[in-house]
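Excluded from the calculations below are hydrogen atoms, water molecules and symmetry mates; all remaining heavy atoms, backbone and side chain alike, are included.
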Protein chains: 2
Amino acid sequence: MTKYQNQLTETFSALADPTRRAIVSRLCEGPASIGELSEPFKIALPTLLKHVQILEKSGLVSTQKTGRVRTCRIETGALKAGDDWLRQHLALWEDRLDRMEHHINTMKKEH
Amino acid sequence: MTKYQNQLTETFSALADPTRRAIVSRLCEGPASIGELSEPFKIALPTLLKHVQILEKSGLVSTQKTGRVRTCRIETGALKAGDDWLRQHLALWEDRLDRMEHHINTMKKEH
DNA sequence: TTGATACTTAGTCATGTGACGAAGTATTGA
DNA sequence: TCAATACTTCGTCACATGACTAAGTATCAA
């Protein structure tokens, strides 16, 4: 598996979990600490931390520790990579449908 | 978890596996049977079938059996839903950056 | 300096996932 | 009819995932 494939796998895996998507949504409103992130969820801190680490590994989120507080923020690179993959595939399929339609119209005219 | 959340979870989970992404890529070139799909991969038929079933459940792919052959094709709905989520979040974050930049510029002028 | 705060690590557990081979079913072609 | 084809189901297995509690460590405030 190429690095690009690996990156996509990590991005989509990270986004496959509803808690992690909620974290991403929250971070789109602005940076937050681990404690702030954990508040809206009914999960233990170590569990939340693990989610943040997965998001960080996938490149969706970056973090920085200052004193005893770790601040998390969104990174758009991985979001864009996922979006690019989806759009490319949508475009591929739609091109195919267009070509098919064109082909059918050509056939009709020939009658 | 709402139905929409569930749908997103299934879509992103489905896309998290490289074999399944390869199946989606292949099907963007046009419909294919289970046998045709399995050829490029070094995996057993039951494994491939399971992947196709996961893709079908997520709504990314639809299948139809005629005689003894099952034909698989892309469905764009789930692809679009995933793309929408990503684009919405990219937009959210970029709006925030714009507002921040505007704020900084306003502060500068006030000096 | 010392107690509170904010994570962090370690260890455990139930469940889910992706893989396989073997054996089954339903169609098709000769 | 009957062998070949194209899945499909079944049972199993190793490993990954997401959750927890308990017990750390590092920083800050009084």
Side-chain angles (χ1 to χ4, degrees), chain A residues 1-2 5-27 30-73 78, chain B residues 1-2 5-27 30-73 78:
Chain A
M1 193 156 56
T2 67
Q5 277 291 329
N6 234 316
Q7 166 67 40
L8 271 176
T9 296
E10 287 189 349
T11 301
F12 285 131
S13 301
L15 294 174
D17 183 275
T19 302
R20 287 195 291 266
R21 284 200 304 280
I23 293 172
V24 168
S25 293
R26 165 63 189 79
L27 291 179
S33 70
I34 299 289
E36 280 164 1
L37 283 178
S38 79
E39 272 167 31
F41 301 106
K42 287 172 204 143
I43 58 173
L45 213 59
T47 309
L48 185 115
L49 184 64
K50 221 172 175 183
H51 282 309
V52 169
Q53 285 167 348
I54 289 166
L55 286 167
E56 200 174 1
K57 201 178 165 221
S58 77
L60 285 160
V61 162
S62 69
T63 76
Q64 190 183 5
K65 193 153 185 180
T66 309
R68 59 187 165 175
V69 177
R70 182 173 295 280
T71 303
C72 313
R73 68 188 65 243
Chain B
M1 192 154 61
T2 67
Q5 276 293 330
N6 235 315
Q7 166 66 42
L8 271 177
T9 297
E10 287 190 348
T11 301
F12 285 131
S13 300
L15 294 175
D17 184 274
T19 303
R20 287 195 292 267
R21 283 201 306 280
I23 293 172
V24 168
S25 292
R26 166 63 188 81
L27 290 178
S33 70
I34 299 288
E36 279 164 359
L37 283 179
S38 79
E39 272 167 32
F41 302 105
K42 286 171 204 145
I43 58 174
L45 215 59
T47 309
L48 185 116
L49 184 63
K50 221 173 174 182
H51 283 308
V52 168
Q53 285 166 348
I54 289 167
L55 287 167
E56 199 173 3
K57 202 179 163 220
S58 77
L60 285 161
V61 161
S62 69
T63 77
Q64 190 184 4
K65 193 153 185 180
T66 309
R68 59 186 166 174
V69 177
R70 180 173 296 279
T71 303
C72 312
R73 69 187 65 239

Rounded to the nearest 0.5 Å, how far does CG of A:Leu55 lie from SG of A:Cys72?
9.0 Å
Sequence neighbours excluded, the answer for side-chain contact (heavy atoms from CB on, under 4.5 Å) partners of A:Gln53 is A:Leu49, A:Lys50
Between B:Leu27 and B:Val61, is a side-chain contact (heavy atoms from CB on, under 4.5 Å) present by the stated rule, with each step listed?
CA-CA 8 Å; B:Leu27 290 178; B:Val61 161; 3.6 Å; yes
Residue pairs fulfilling side-chain hydrogen bond (donor to acceptor under 3.5 Å, both in side chains) with at least one residue in residues 61-73 of chain B, sequence neighbours excluded:
B:Glu56-B:Thr63, B:Ser62-B:Glu75, B:Thr63-B:Arg70
For residues 38-54 of chain B, which residues have at least one heavy atom under 4.0 Å from DNA chain C?
B:Lys42, B:Ile43, B:Ala44, B:Pro46, B:Thr47, B:Lys50, B:His51, B:Ile54
Measure the spacing between CG of A:Asn6 and OG of A:Ser58 and express it to the nearest 0.5 Å.
11.5 Å
Residues two or more places apart in sequence or in another chain: which of them pass side chain to side chain donor-acceptor pair (under 3.5 Å) with B:Arg26?
none
Grab the two heavy atoms, one from A:Pro18 and one from A:Ala16, that are nearest each other, plus how far apart they are.
CD-O, 3.7 Å
Taken in chain and number order and not counting sequence neighbours, the residues that satisfy side-chain contact (heavy atoms from CB on, under 4.5 Å) with B:Leu48 are B:Ile23, B:Ile34, B:Leu37, B:Ser38, B:Phe41, B:Ile43, B:Val52
I'd like to check the side-chain contact (heavy atoms from CB on, under 4.5 Å) partners of B:Ala78; sequence neighbours left out, ordered by chain and number.
B:Gln7, B:Thr11, B:Leu60
Taken to the nearest 0.5 Å, the spacing of B:Ile54 CD1 from B:Thr19 OG1 works out to 10.5 Å
Tell me, which pairs form a salt bridge (charged side-chain N to carboxylate O under 4.0 Å, His left out) where one or both residues lie in residues 36-47 of chain B, sequence neighbours left out?
none
Contacts to DNA chain C from residues 63-73 of chain A, heavy-atom cutoff under 4.0 Å, which residues?
A:Lys65, A:Arg68, A:Val69, A:Arg70
DNA chain D: 5'-most and 3'-most nucleotides touching chain A, 4.0 angstrom heavy-atom criterion
D:dG18 to D:dC28
Opening and closing nucleotides of DNA chain C in contact with chain B, under 4.0 Å to non-hydrogen atoms
C:dG18 to C:dT28
May I ask you to decide if B:His51's main-chain N or O and B:Arg20's side chain share a donor-acceptor pair within less than 3.5 Å?
no
